[in-house]
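Written out below as structure tokens is the structure these notes cover.
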Amino acid sequence: MEYQFRDIEKKWQAKWKTDKAYQVRNDFSKPKFYVLDMFPYPSGAGLHVGHPLGYIASDIYSRYKRLKGFNVLHPMGFDSFGLPAEQYALDTGQHPAVTTKKNIETFKAQLDNIGFCFDWEREVQTSDPKYYKWTQWIFLQLFNSYFCNTEKKARPISDLIRKYETKGALPKTGEPVPGRHFTAEQWKNFSEKEQADILMKRRLAYCGYGEVNWCEALGTVLANDEVVNGVSERGGHPVVKKTLRQWYLRITAYADRLLEGLDKVDFSDAMKEMQTNWIGKSSGAEIDFEVKKPAPALPEEKKGASKLRVYTTRPDTIFGVDFMVVAPELEMVQELKSAEQAAAVDEYLDYVKSRSERERMAEKKISGVFTGAYAINPFDGREIPIWISEYVLAGYGTGAIMAVPCGDERDHKFARHFTIPITNIIGSHYNGEEANPTKEAILENSGFLNGLLMKDAMEVAIRAMEEKGIGTRKVNYKMRDAAFSRQRYWGEPFPIVWKKGIAYPLPEDQLPLILPDVEKYGPGPDGEGPLSNIKDWTDRSLETNTMPGYAGSSWYFLRYMDPHNEKAFCDRKVADYWNQVDLYIGGTEHAVGHLLYSRMWTKVLFDLGHIGYDEPYRKLVNQGMIQGSSRFVYRISGTKIFISKSFRDKFYEGGWDEYYQAKEEINSQLGYVAIEKDGAISYEALSKNYRPNTFNPEHIQEFSRTFKIDELHVDVNIVDGYTLSIDLFKKWKPEFEMAEFVLEEDRTKYICGAEVEKMSKSKYNTVNPDDLVMKYGADTFRMYEMFLGPVEMSKPWDTKGIEGVHRFLKKFWRLFADEIKGLIVTDDAATPEELKVLHRTIKKIEEDTERFSFNTAVSGFMIATNELNDLKCHKRAVLEPLLLLITPYAPHIAAELWALLGHNDSVLDAPYPKFEAKYVAETSKEYPISVNGKLRTTLNIALDAAQADVEQLVLNNEVVQKWLEGKTPKKIIFVKGKMVNVVM
RNA sequence: GCCCGGGUGGCGGAAUUGGUAGACGCAGCAGACUCAAAAUCUGCCGUUCGCAAGAAUGUAUCGGUUCGAUUCCGAUCCCGGGCACCA
């Protein structure tokens, strides 16, 4: 009876499917455990070996928890709205729904092949109307809510309306500002449009005009996290700033709670830091400076405000301010420029406009211009020149800064560049060459702050400013509200109707608002989405934008709990039962996108009372990326001659001797002169490899040149390690059919070059899990992916090692069954030694599985199998528990053997073996004995021996005596059951 | 530039967090079985010296704490990831 993994796996997968073995019930009586994988975007390329890594880890953990008696929810679905499907539709005219459906089928087949325990009855697809009905519904919750700043939570917008109707909106202190503040009476007199505009400024999902990241190539806006280095994350197209009507999520309102929430969840430090940096909280002060304009460029009546408000995190440096900088985009620049500086300022503004976001980021040139105006330092009356420069961002703080060159690197460079005198307020901490941003210096030249430590001066300065009424404490965030609309087709339509410029939510009973079919997927007029091409749609005045990719993924974890509910996104009782995701597995690439959005949505749903927790994921594990290990072949340019790697190395890195040697060897192997004396490719080499009808001898001049070597990616699947399979290579592509090969000098192998790169089709370094499952079985594949190393670590894929894991499973099988005799398991009683192996293994596997150390757990199975093999142990008492231990890792082989052992129940629900310490207990132990920390010998010592006896035993030992040379040791150290150290 | 990780054999990686470094696997070498191959099994496998027993040395580099350091501290050098005019 051999290990027929293919038959076994097929059989059990079919059985589990008909038995609905993976069906999960909302059984409130059982303890629950929720394991979730970040669901995939179903791309056309299918799975490669990198994708299942996280799924295998979560699958093992789910199955383990199930054996431990938990009701485990481990669902899977598809993030099926998104750009690539639409791009594909644009190119081919195929409806995204069609291609998406096809891709999902491929994905599911591939996943099932690996034997995951997903309950497909709970599958969700974000592009399914039954699903996006609730995405739209949650959007309406966001639209119909505002963030209450006193309670720090979302509340229904109706509460706000009631407040406006009864109390209006008046400032707590000071004078009301027209346009911002109003009485209840005024509110009632506002037109509907005026009221709607005011409310829009508070809604959690709101529509507004703003600068957005516009990507012309994709024809849509992108959220900040979708833009990397000034180009789009997907496709790398240029991105420009554009002012457009857009929908936004008021995620900034939740900045503090998103930050605080990080303390309650188990994410890696790196992940927490990425989110913290993205939110970018800083505290400081806003300070008003009086502005003095000597010769205004504008007529007196248009002069406007005469105050400049800046934001700073270092109010303690107020006496070190040597100039002010205002962002060029700010309108107040017009008011600030003086008559004689007006031309220079205008010229600079033109220059700034001409520069793209990309240029600005790529070359950080120091540039700027003096406005002609001065600010007055409120404490010493000093006149401070006001400049404009692009290094100050309009969108952060007040768009204006006070520059302290001795303490800030950028200010320092600016001051140096424009030779602005620098005031030193930190004494010897400033060396005149470089700014020093320290907070530890004692202040000098700082008026009433003199002699104070900077850290302490901060408070003193803020208080003084508040007393004078010229400054206030202020917290700022780098994070901006998230752009929430896309001018695309393949996304959720907004359940919004526009009438006379007012956005009305669609009534709930009209959801879902179904995405209509379109004839063409191209953009509509004025940069609007494809939906604007549909007459029926525009006739109904429906919003023509669609929601971005992250809409559906922001709440999907809730839908899995109650996927077929048509009355609610999820029943409250069910949501309470399954509660938070106990374990969430996915890549780090979603750190500042998906994870932040989904945390925000959860908080909103919590605030509005729809669910009972405000963090979606209790623990997050980031699986590493599996990189591709690419292989290269080396072709002499213009020929079909491929040279093995060592020749390329000799040509590239070797000296003249190597060069001539390599050349001779190449010519000798080919049997004709391919490389001439002068290093040119011979006529023969060229003509031999071109078909006569395509090669014109007249072109000989053109072709006769010093040779170059082309480096070509070769499909890793036709390379064994580094050795190229020449037969397969010739068949791989028609153009290689006639290829000639120069082998290594032993003339047996063609060796390829190698490099670690991202796995991708174009680099021919992808490995399809289907092929490996076919060749070695799903169980081997699962265990091998885990064996590769810690789940969190990124590592290059190496197919070679899979043999070792496969050998192990075959050996494991042979503990139970024999080729000739069949099942060889006996009912004999286990020896103490065998029980020791078993219980040591139980302990190890359980600990390793709990702490996610699946690679060492697999090693543990291998060690146990080797040991039992050595002991020739084929006893049921030992093998049965071992079988249960391995079930989460290799469910198919476990199920088969479990059945062979005569069990009728399912191995998936068998009780997990219990570790019993008594079997591994020892009476004596071989102790390492070291002298002065150096290992000298070992001694067998009874565990219950008194310390004095052990000391005597150690001192009497002849090896120890030899090292002591008759001297008495200073002390003898006993390391808790581990070793004994004699200190001289 | 700033902030996180991390540097261990030919390779992937272990080391219960201060206690025999290199588990387990791959690759390699030698051998057994076989007409042969596959499969399987056995032994060796950081470096140096040695026939061997053994000894010395060794976890990026240098220094420190300790009876004892891959682990803790300081400095330096590399590699990976994130952020990048956020005042």
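Quick note on labels: first sequence line is chain A, next is B, and so on, each numbered from 1. Heavy-atom basis, side chains included; hydrogens, waters and symmetry copies ignored.
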Would you jot down, in residue-number order, the residues of residues 274-286 of chain A having a non-hydrogen atom under 4.0 Å from RNA chain B?
A/Met274, A/Ser282
Annotated structure of RNA chain B as dot-bracket, pair cut-off 3.5 Å, Watson-Crick or G-U only, | for inter-strand, is (((((((..(((......[....))).(((((.......))))).((((....))))..(((((..]....))))))))))))....
Using atom P in both nucleotides, what's the gap between B/rC77 and B/rG22 to the nearest angstrom?
33 Å
Take atom C1' in B/rC45 and the same atom in B/rC33, then report the distance between them in whole Å.
23 Å
Kindly write out the residues that satisfy side chain to side chain contact (heavy atoms under 4.5 Å, CB included) with A/Val719, not counting sequence neighbours, or none if the list is empty.
A/Arg631, A/Val714, A/Leu724, A/Cys752
Take atom P in B/rA87 and the same atom in B/rC72, then report the distance between them in whole Å.
33 Å
From the set B/rU42, B/rU57, B/rA27, return the single nucleotide nearest to any side-chain atom of A/Lys934.
B/rU57
So, are A/Lys836 and A/Glu867 salt-bridged, with charged N and O less than 4.0 Å apart?
no
N/O-N/O pairs, protein side and nucleotides 11-15 of chain B side, under 3.5 Å:
unit_1: B/rG12; atom_1: O2'; unit_2: A/Leu788; atom_2: O; d: 2.9
unit_1: B/rA14; atom_1: OP1; unit_2: A/Asn855; atom_2: ND2; d: 3.2

Rounded to whole Å, the CD-C1' distance (A/Glu329 to B/rC85) equals 13 Å
Between A/Asp481 and A/Thr252, is a side chain to side chain donor-acceptor pair (under 3.5 Å) present by the stated rule, with each step listed?
CA-CA 6 Å; A/Asp481 279 342; A/Thr252 48; 2.6 Å; yes
B/rG50 and B/rG74: how far apart are their P atoms, nearest whole angstrom?
43 Å
How far, in whole Å, is B/rG18 from B/rA23 if one measures between their P atoms?
22 Å
Please report the distance separating the C1' of B/rG9 from the corresponding atom of B/rA75, rounded so that it comes out in whole Å.
28 Å
Base, sugar-phosphate alone, or nothing: which one does A/Lys970 contact when heavy atoms must sit under 4.0 Å apart?
nothing
So which protein nitrogen or oxygen atoms get under 3.5 Å of nucleotides 17-21 of chain B's nitrogens or oxygens?
unit_1: B/rG19; atom_1: N2; unit_2: A/Asn981; atom_2: ND2; d: 3.2

Flag, side chain of A/Lys795 to backbone of A/Pro790, donor-acceptor distance under 3.5 Å
yes
Sidechain-backbone polar pair: A/Thr317 side chain, A/Gly320 backbone, donor-acceptor under 3.5 Å
no
Name all residues meeting the ring-ring contact (aromatic ring centres under 6.0 Å, His included) criterion together with A/Phe861; count only those two or more places apart in sequence or in a different chain, and write none if there are none.
A/Tyr889
Please compare A/Val982 and A/Ile401 by the position of their nearest nucleotide in RNA chain B and report the one closer to 5'.
A/Val982
Pairwise C1' distance for B/rA56 and B/rU66, with rounding to whole Å:
23 Å
Could you tell me if the ring centre of A/Tyr430 sits under 6.0 Å from that of A/His412?
yes
Considering just the side-chain nitrogens and oxygens of A/Arg807, establish if one lies under 4.0 Å of OP1 or OP2 belonging to B/rC26.
yes
Counting any heavy atom closer than 4.0 Å, what does A/Asn932 reach on the DNA or RNA strands: base, sugar-phosphate only, or nothing?
sugar-phosphate
Looking only at atom types and distance, does a side-chain atom of A/Gln627 sit under 3.5 Å from a main-chain N or O of A/Val756, one as donor and one as acceptor?
no
Please work out if A/Asn866 contacts a base, only the sugar-phosphate, or nothing of the nucleic acid, heavy-atom cut-off 4.0 Å.
sugar-phosphate
Of A/Thr313 and A/Val931, the one whose closest RNA chain B nucleotide lies more 5'
A/Val931
Between A/Tyr784 and A/Trp797, does the ring centroid distance fall short of 6.0 Å?
yes
Starting the side chain at C-beta, find the nucleotide from B/rC4, B/rC41, B/rC24 nearest to A/Arg814.
B/rC41
Measure from the side-chain heavy atoms of A/Ser859 and tell me the nearest of B/rC26, B/rC85, B/rC24.
B/rC24
Classify A/Val392 by what it touches in the nucleic acid, base, sugar-phosphate, or nothing, heavy-atom distance under 4.0 Å.
base
For A/Thr856 and A/Ser859, test the side chains for any donor-to-acceptor distance below 3.5 angstrom and give the result as yes or no.
no
Considering only the C1' atoms, how many Å lie between B/rU8 and B/rG58, rounded to the nearest integer?
10 Å
Do A/Phe812 and A/Phe816 have their ring centres less than 6.0 Å from each other?
yes
Between A/Phe414 and A/Phe323, is the ring centre distance below 6.0 Å?
yes
So, A/Tyr750 versus A/Ser725: side-chain donor-acceptor pair below 3.5 Å or not?
no
